[in-house]
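Below, chains carry the letters A, B, ... as their sequence lines are ordered, and counting in each starts from 1. All values derive from a computational prediction rather than experimental measurement. Because only heavy atoms are used, hydrogens play no part in the values below, and waters and symmetry mates are left out as well, while side chains stay in.
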Amino acid sequence: MASPIARPWEVVLERSRHPIVERVALGLALSALFGAACAARHGLVAMLVHAVGVPLGFAAAAGLATPALCIGVAHFDLPLDAGGVGLTVSRAIAVAGRVMAGTAPAVLLLTVSVESHESASAVAAAGLALGGALGLREVVRGFGAGQRLLLFAFVPFVVAITARVWWMTLPILGRGAP
Amino acid sequence: MSFYSQVLRAPDQVVGQCFDSSARPSIVGRALACITLGGACFGFAAGMFRGWEQALTAAAKLPIVTLLTLAVAGPALCTIARAFERPWDFATTVALMLAAGARSSLVLLAVAPALGLIVDSGFGYSAVRLTALAGYSLGGLSGLSFLVRAFGAAPGRSGALLCFALVFGTVGVQSAWLFRPFLGDPRDAEVPLFAHGRVEGGMLGALLGARHER
C-alpha cells in the first residue's frame, strides 16, 4: 500500500533550477554517511577516508560511463535525450545514496560489533552492492526499450569501474585500515 | 476488534491504519506493549533452561534485542521502500515496522509455553537452542507476512522484501549475538550477563558448536 507523501527536500528538488546537480550532490553526500559508518571500526581517519571513497566510486562511474553510453547510443543511431540521460543518472545516484544512508545504522552496528575484520569487510561490501544495485535498477528503468540492449554492455562497465574505484579507495574492502 | 486481534486476524486493516496519522499513536503504543510482553515471555521460557535468574535476565534482554533491531533497520526499510516506488514517510515506516514486530511478538507469546514445556521436559542444550531458534523464526515469518501486505501488489514487492529481509535478518542475528547468552551454555559454571570477550565465530560458529576463549 503506497501513499504519495512528498518529502520537504523532494519538493525543493522539484522546484530546483538545477535538479541534476542537486540530486547528484544529495546522493553523494548521503553515500558519504555510509562510507563513514562502514569504517567506524577503524577510527576517525578511516571514517574520513571512506566517506570520500564511497561517493568517489559513484562520481567516477557516472563521469566515465555516461559519456561512453551516450557515444554508444549515438553510434547505433538510436534516439538520445542528453538531458534525460543526465536526469536518469542523477536519480540513480540519489536512490543509491538514499538507500546507503538508510542502511548506514545497520552497517555501523554490524561492522563495529562483528568479531573478524573479514566479516566487517563482507558487511561493507554487501551494503555497497545493495546501494549500487538499486541505483543501477533506476538507470535500467529510465532507459527505453531500444536503448536497454546497450545496457548489457553499460551495466558490467559501470559495475567494473565502481568496484575498481572502491577497491582502490576503501581499505576496509581488503587492504586493512589506513 | 482490538488491535491485538486485528493485527493477527485482519493485518490489512492495520496496514491501512498505519498510513493514517491520527491512528498511529495508538498503534505504536500497543505494538510496543506486544513486543515487550511477547519478547519477555519467550525470553523467560528460554532462560528457564538455567534457572530463575537466567530466566529473568533473558526476559529483560529479548525485548531490547527486538527493539534495537527495529530501530537500526527502520531507516533501511524507509529508503528501500522509496527505492521501490513506495513513498512512505518515516512515521508510516515506524508504525508499519512496530505493527509487524507486534504480530511476530504475539506469535512468540504463543510459542513461549511450548518452549517452556521442552525446557521443563529435560531436553538437552542443542534441542532447546534449536527449538528457540525455530520459534523465533516462526515469529519472524509472521512479521514478514505483515510487511508483504504493506508492500502491496504493485511491481517491486519481491525485490523490496528481499533487500529488506537481508538487512533485517543480518541486523537481527547480530543484535541477538551481542546480547547473548539467553539460554546459558551448560559449560559455564555461572552464566555471565553478557558474553563479551569471547571469540566464538559469530552466530554461525555458535550454531555449529564452536567455542574458543580469548
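Within the 4.5 angstrom heavy-atom criterion, no atom of B:T69 approaches chain A. Proximity to chain B involves both the backbone and the side chain of A:T103, based on heavy atoms less than 4.5 angstrom apart. For chain B, the nearby part of A:V95 is the side chain; its heavy atoms alone come within less than 4.5 Å. Using a 4.5 Å cut-off between heavy atoms, B:A83 touches chain A through backbone and side chain atoms alike. Within the 4.5 angstrom heavy-atom criterion, atoms from both the backbone and the side chain of B:F84 approach chain A.
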| Intermediate values then yes/no, salt bridge (Lys or Arg N to Asp or Glu O under 4.0 Å), B:R82 and A:E138 | CA-CA 12 Å; B:R82 293 186 82 82; A:E138 198 64 29; over 6 Å; no
| request: Run the numbers on B:V167 and A:V107 for side chain to side chain contact (heavy atoms under 4.5 Å, CB included), then give the verdict. | output: CA-CA 9 Å; B:V167 176; A:V107 166; over 6 Å; no
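Comparing A:A101, A:A106, A:A96 by heavy-atom pairs within less than 4.5 Å of chain B, the highest count is held by A:A106.
Listed here is the closest heavy atom pair of B:Q174 and A:S113: NE2-OG, 2.9 Å.
Rounding to the nearest 0.5 Å gives a distance of 5.0 Å between OG of B:S175 and CG of A:L109. Here CG of A:L130 is found 5.0 Å from CD1 of B:I80. Values are rounded to the nearest 0.5 Å.
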